[in-house]
Amino acid sequence: MKLKPIASNMTEVEVGNKVILFSYQTPVAYHDLGVGYAKTNKHWSATTSRHINKWLKLNGYSAERGDGLREVDQEVLDSLIV
């Protein structure tokens, strides 16, 4: 497991083949190296939305390229850290 602070209240954790984004202490998005990007379908706050968008951009995600972005239930993200 690798922990990487990105910005204030924004941290990335690498676990196996997934990289999980935490906004504050909550997992809100991830990148599965074999599948692609996913983000929570729950709206937390404007700041958390900015964290997700910033992280996607920093990691080279591009909707224009058709990279695809799935929305998943928050429970899916919570289950990644158990």
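Note that the numbering runs from 1 along the sequence shown for the chain. FYI, side chains are in, hydrogens and waters are out, and symmetry mates aren't considered; it's all heavy atoms of this structure.
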Peer 1: Do Thr48 and Thr26 make a side-chain contact, defined as non-hydrogen atoms from C-beta onward lying under 4.5 Å apart?
Peer 2: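 No, their side chains stay 4.5 Å or more apart.
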
Peer 1: Looking at Lys18, Glu12, Arg70, which hits side-chain hydrogen bond (donor to acceptor under 3.5 Å, both in side chains) with Tyr30?
Peer 2: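 The residue from Lys18, Glu12, Arg70 that satisfies side-chain hydrogen bond (donor to acceptor under 3.5 Å, both in side chains) with Tyr30 turns out to be Arg70.
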
Peer 1: With a 4.5 Å cut-off on side-chain heavy-atom distances among I, L, V, M, F, W and Y, is there a chain of contacts connecting Leu58 to Val19?
Peer 2: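 Shared cluster, yes.
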
Peer 1: Give the C-alpha distance, both sets of side-chain angles, the deciding distance and a yes or no for side-chain contact (heavy atoms from CB on, under 4.5 Å) between Thr11 and Leu3.
Peer 2: CA-CA 7 Å; Thr11 305; Leu3 180 71; 3.2 Å; yes

Peer 1: Are Tyr24 and Leu21 co-members of a hydrophobic cluster defined by side-chain heavy atoms under 4.5 Å apart?
Peer 2: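 No; tracing contacts between hydrophobic side chains, which count when under 4.5 Å, never links both residues.
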
Peer 1: So which heavy atom on Leu77 is nearest to which on Lys39, and how close?
Peer 2: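 Heavy atoms only, the tightest pair is CD1-C, 4.2 Å.
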
Peer 1: Which atom pair, heavy atoms only, marks the closest approach of Val28 to Ile52?
Peer 2: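 Heavy atoms only, the tightest pair is CG2-CG1, 3.7 Å.
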
Peer 1: If I compare all heavy atoms of Trp55 with all of Asn59, which pair ends up nearest, and what's the gap?
Peer 2: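 Looking at all heavy atoms of both residues, the shortest contact is O-ND2, 2.8 Å.
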
Peer 1: Hey, can you tell me if Tyr61 and Tyr37 have their rings parallel, tilted or perpendicular (30° and 60° cut-offs)?
Peer 2: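 Geometry flag for Tyr37 against Tyr61: perpendicular rings.
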
Peer 1: List for me each residue that meets side-chain contact (heavy atoms from CB on, under 4.5 Å) alongside Ile81, sequence neighbours excluded, and say none if there are none.
Peer 2: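 Ile81 satisfies side-chain contact (heavy atoms from CB on, under 4.5 Å) with Ile20, Phe22, Pro27 only.
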
Peer 1: Where do Met10 and His51 come nearest, in terms of heavy atoms and distance?
Peer 2: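 So the two residues come closest at CE-O, 3.3 Å.
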
Peer 1: State plainly whether one hydrophobic cluster holds both Ile6 and Trp44, where clusters connect Ile, Leu, Val, Met, Phe, Trp and Tyr through side-chain heavy atoms under 4.5 angstrom apart.
Peer 2: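 Yes.
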
Peer 1: Not counting sequence neighbours, which residues clear side-chain contact (heavy atoms from CB on, under 4.5 Å) with Ser8? List them please.
Peer 2: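 Counting only residues at least two positions away or on another chain, Ser8 forms no side-chain contact (heavy atoms from CB on, under 4.5 Å).
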
Peer 1: List in chain and number order the residues that pass side-chain hydrogen bond (donor to acceptor under 3.5 Å, both in side chains) with Asp73, two or more places apart in sequence or in another chain; answer none if no residue qualifies.
Peer 2: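 Residues passing side-chain hydrogen bond (donor to acceptor under 3.5 Å, both in side chains) with Asp73: Asn41.
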
